[in-house]
Amino acid sequence: MNKPRRPVLVVIPAYNEAATVADVVRGVIAHAACDAVVVNDASSDDTAAQARAAGAVVIDLPLNLGAWGATQTGMRYAQRNHYDAVVTFDADGQHHPESLPALLAALEANEADVVIGTYARRLSTAKRIAWWYFRMLTGLPVQDFTSGLRAYSRRAARTLASREASLLDYQDMGVLMLLYQKGFLLRELETPMSPRKAGMSRVFASWFVVARYMLHTTVLCFARLDVRGRIRQRVAGRAGAPA
């Protein structure tokens, strides 16, 4: 007999995370009434085997698509299988599976379309300055742009599974801007996080990588936001204001 499908799918994108992915999958399954799918992003280690042994469904990508390509693959799997909500969860052991019930409770209470698990104390001074800059640039009401722990409603997940979202770069900022522009409500929930158990951040691996991230993300912000339209609206508003 097939195991009955649960209403929530946890999507775990993974690239060479054999050291941690099994513990992550077991924790997710143990702490929430969720199914787990690991999207193996063409890993060169035994990430896929470890994930399967821990109880996850595994989607093996033939080519490395990067974090967003792997995540969107999981979103599309959720849409095809009619899940009510999707949670994204990192495979590196930073997130605590014990946080899942609180995230899902906030989502189910219709408090937001997207609930982001954040841990403000992990933010360095450099990150705080960078996130302040991006909040000023985009208007996004978010403190932590790179948290991979997010719960999405069915409507939000459907948007992210669409063709419109296929060309997003830097899943953190691009995803949030797309959803915010479409009127989805974003909320952050304080959750505990741990340092990576193995490897290092691919976004903040060096100052060169950080500078490239800042430049590319700034270009992305200007490309996605109607900056000129916003300026015209402000000018028109000032012109129409009473003297």
For the residue pair [Y] / [X], report whether a side-chain donor-acceptor contact shorter than 3.5 Å exists.
X: Y83; Y: D35; result: yes
X: S147; Y: D144; result: no
X: N16; Y: S44; result: yes

Quick one: closest heavy-atom pair of [X] and [Y], and the distance?
X: L104; Y: C34; answer: CD1-SG, 3.9 Å
X: H31; Y: P101; answer: O-CG, 3.4 Å
X: A36; Y: V28; answer: CB-CG1, 4.4 Å
X: T191; Y: S99; answer: CB-OG, 3.8 Å
X: N40; Y: A48; answer: ND2-CB, 3.6 Å
X: T47; Y: A14; answer: CG2-CB, 3.7 Å

Minimum side-chain heavy-atom gap [X]-[Y] below 4.5 Å:
X: I12; Y: V24; value: yes
X: Y152; Y: M75; value: yes
X: I116; Y: V142; value: yes
X: N81; Y: L9; value: no
X: R76; Y: S166; value: yes

Could you check T118 against F145 for side-chain contact (heavy atoms from CB on, under 4.5 Å), going step by step and ending with a plain yes or no? CA-CA 9 Å; T118 60; F145 290 103; over 6 Å; no

Give the C-alpha distance, both sets of side-chain angles, the deciding distance and a yes or no for side-chain contact (heavy atoms from CB on, under 4.5 Å) between V38 and V57. CA-CA 6 Å; V38 170; V57 171; over 6 Å; no

Which is it for K182 and E164 under the salt bridge (Lys or Arg N to Asp or Glu O under 4.0 Å) test, yes or no, and what are the steps along the way? CA-CA 12 Å; K182 290 185 175 295; E164 181 180 5; 3.2 Å; yes

Write out all pairs satisfying ring-ring contact (aromatic ring centres under 6.0 Å, His included) with one or both partners inside residues 93-114, taking only residues at least two apart or from two chains. F89-H95

Walk me through whether D23 and T20 qualify under side-chain hydrogen bond (donor to acceptor under 3.5 Å, both in side chains). CA-CA 6 Å; D23 286 341; T20 55; over 6 Å; no

Run the side-chain contact (heavy atoms from CB on, under 4.5 Å) check on E17 and S43 step by step: do they pass? CA-CA 8 Å; E17 300 286 6; S43 299; over 6 Å; no

Hey, does the side chain of [X] reach the backbone of [Y] with a donor-acceptor pair shorter than 3.5 angstrom?
X: T88; Y: G148; answer: yes
X: D45; Y: A18; answer: yes
X: D41; Y: L65; answer: yes
X: W132; Y: Q143; answer: no

Do Y180 and L185 land in one hydrophobic cluster if side-chain heavy atoms of ILVMFWY residues count as linked below 4.5 Å? no

Are M177 and M136 connected in a single hydrophobic cluster, I mean Ile/Leu/Val/Met/Phe/Trp/Tyr linked by side-chain heavy atoms less than 4.5 Å apart? yes

What donor-acceptor contacts under 3.5 angstrom involve side-chain atoms of residues 155-162, with partners at least two apart or in another chain?
unit_1 : atom_1 : unit_2 : atom_2 : d
R155   : NH1    : D113   : OD1    : 3.4
T159   : OG1    : R155   : O      : 3.2
S162   : OG     : T159   : O      : 2.5

salt_bridge(D90, R150) N-O dist < 4.0 Å: no

Test side-chain contact (heavy atoms from CB on, under 4.5 Å) applied to L140 and L186, step by step: CA-CA 9 Å; L140 285 168; L186 312 179; 4.1 Å; yes

